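Quantities reported herein were computed from a predicted structural model and do not represent experimental measurements. We count ligands from 1, going down the list as the structure has it; atoms in each ligand are counted the same way.
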Amino acid sequence: MTKVPRFVPIACVLLGCSLIACHGREARQLRNEIQDDDYRSTYARAPGLQSGRTPAQGGPHGGFIDVYINEVMTDAIAEAQASGEVPQQWPEGSIIVKDGWSALSGGDFEYLSFMERREDGWFWGEYRRGKRLISAGLDDSTCTGCHASGEDEVLLFELPPYTE
Ligand code: HEC
């Protein structure tokens with residue numbers, strides 16, 4: 001039987017913890033930024049979801065969802081409408097925020113999920129009730145497994161311009 005040096009598991013545990021702690025810090029920062037922005041009243045609703053809370057499409061983010069996009073995305077949509085050109089991806093600084101609820105109106109706030117486009121990919125984060133971190137990270141494989149099938153990893157809407 002090969003002996004695994006004792007420091008290997010310890011190093012893995014330490015490395016793992018520090019990676020999670022690091023993503024946790026970044027996720028917390030981004031969550032605070034989004035909440036400070038008062039996203040529910042200052043961000044636009046996502047394309048196709050302007051009428052507000054709607055039943056989810058089977059994702060693990062609560063039965064009913066509200067989806068918001070920040071100004072970088074609304075500007076990108078306006079630009080694509082004006083030029084008629086389809087961008088290759090959402091620009092850096094794009095933020096999508098999704099509230100997951102237990103009911104179509106009222107109900108409990110169950111999940112706060114978000115993604116932010118950075119230079120090297122999407123940074124993902126999800127909090128239970130907006131408070132307890134579930135998972136976070138750049139290209140977080142907990143999220144990309146499902147999201148890889150969407151255009152630019154976004155499942156609910158495509159890149160602009162839109163015809164309606
Ligand atoms: C089991 C598949 C699955 C996993 C895993 C998953 N999602 Fe999703 N996600 C969905 C589906 C399906 C939707 C469409 C809306 C719905 O049904 O909730 C969605 C929608 C979203 C949206 C709205 C933008 C969009 O893509 O339409 C965000 C933001 C989001 N998810 C974040 C996350 C984060 C953060 C993680 C990882 C912590 C994650 N998702 C993991 C399936 C998944």
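Residue contact check: Gly59 has heavy atoms under 4.0 Å from atoms 10 (C), 11 (C), 12 (C), 16 (C), 17 (O), 18 (O), 42 (C) of ligand 1. Counting the atoms of ligand 1 from 1 in the order shown, those under 4.0 Å from a heavy atom of Thr142 are 5 (C), 41 (C). Remark: ligand 1 atoms within the under-4.0 Å shell around heavy atoms of Leu155 are 9 (N), 10 (C), 11 (C), 12 (C), 13 (C), 19 (C), 25 (C), 26 (O), 27 (O), 42 (C). Those atoms of ligand 1 with a heavy atom of Ala56 less than 4.0 angstrom away are 16 (C), 17 (O), 18 (O). Set against the non-hydrogen atoms of Gly125, the atoms of ligand 1 under 4.0 Å away are 35 (C). Atoms of ligand 1 lying under 4.0 Å from at least one heavy atom of Cys143, given by number and element, are 34 (C), 35 (C), 36 (C), 37 (C), 38 (C), 39 (C), 41 (C). Close approach of ligand 1 to Glu126 (heavy-atom distance below 4.0 Å) involves ligand atoms 38 (C). Under a 4.0 Å criterion applied to the non-hydrogen atoms of Cys146, ligand 1 contributes the atoms 1 (C), 2 (C), 3 (C), 4 (C), 5 (C), 42 (C), 43 (C).
Cation-pi geometry between Arg117 and Trp90 is not met at under 6.0 angstrom from the ring centre and within 45 degrees of the axis. Under the 6.0 Å distance and 45° angle rule, Arg31 does not count as a cation-pi partner of Phe114.
For the residue pair Thr144 / Asp139, no side-chain donor-acceptor distance below 3.5 Å is found, with atom types taken as modelled. Side chains of Asp37 and Tyr43: a donor on one and an acceptor on the other come within 3.5 Å. Residues Tyr68 and Arg40 bring no donor and acceptor atom of their side chains to less than 3.5 Å of each other.
Ligand 1 has at least one atom lying under 4.0 Å from a heavy atom of Gly58. Contact analysis puts Val154 in contact with ligand 1, with a non-hydrogen atom separation below 4.0 angstrom.
Ring pair His23/Phe123 is perpendicular by interplanar angle, where above 60° counts as perpendicular and below 30° as parallel.
By the criterion of a heavy-atom distance under 4.0 Å, the backbone of Phe114, and not its side chain, is placed next to ligand 1. Residue Ile65 touches ligand 1 through its side chain alone, judged by heavy-atom distances below 4.0 Å.
Of all non-hydrogen atoms in Gly24 and Tyr127, the two that sit nearest each other are O-OH, 4.0 Å.
The option with the heavy atom closest to atom 24 (C) of ligand 1, from among Asp140, Ile96, Ile69, is Ile96. Across Met115, His61, Gln57, heavy-atom proximity to atom 41 (C) of ligand 1 is greatest for His61.
For Glu79, the CD atom sits in a loose shell: 12 or fewer heavy atoms of surrounding residues, nucleotides or ligands are nearer than 6.0 Å.
For atom 42 (C) of ligand 1, the nearest non-hydrogen atom of the protein is Pro60 CD, 3.5 Å. In this structure, atom 28 (C) of ligand 1 lies nearest to the protein heavy atom Lys98 CE, 3.8 Å. Distance from atom 27 (O) of ligand 1 to its nearest protein heavy atom, with residue and atom name: Leu156 N, 2.8 Å.
A salt bridge links Asp66 with Arg45: the closest approach of a Lys/Arg side-chain nitrogen to an acidic carboxylate oxygen falls below 4.0 angstrom. Checked for salt-bridge contact, Arg28 and Glu33 miss the test: no charged N lies under 4.0 Å from a carboxylate O.
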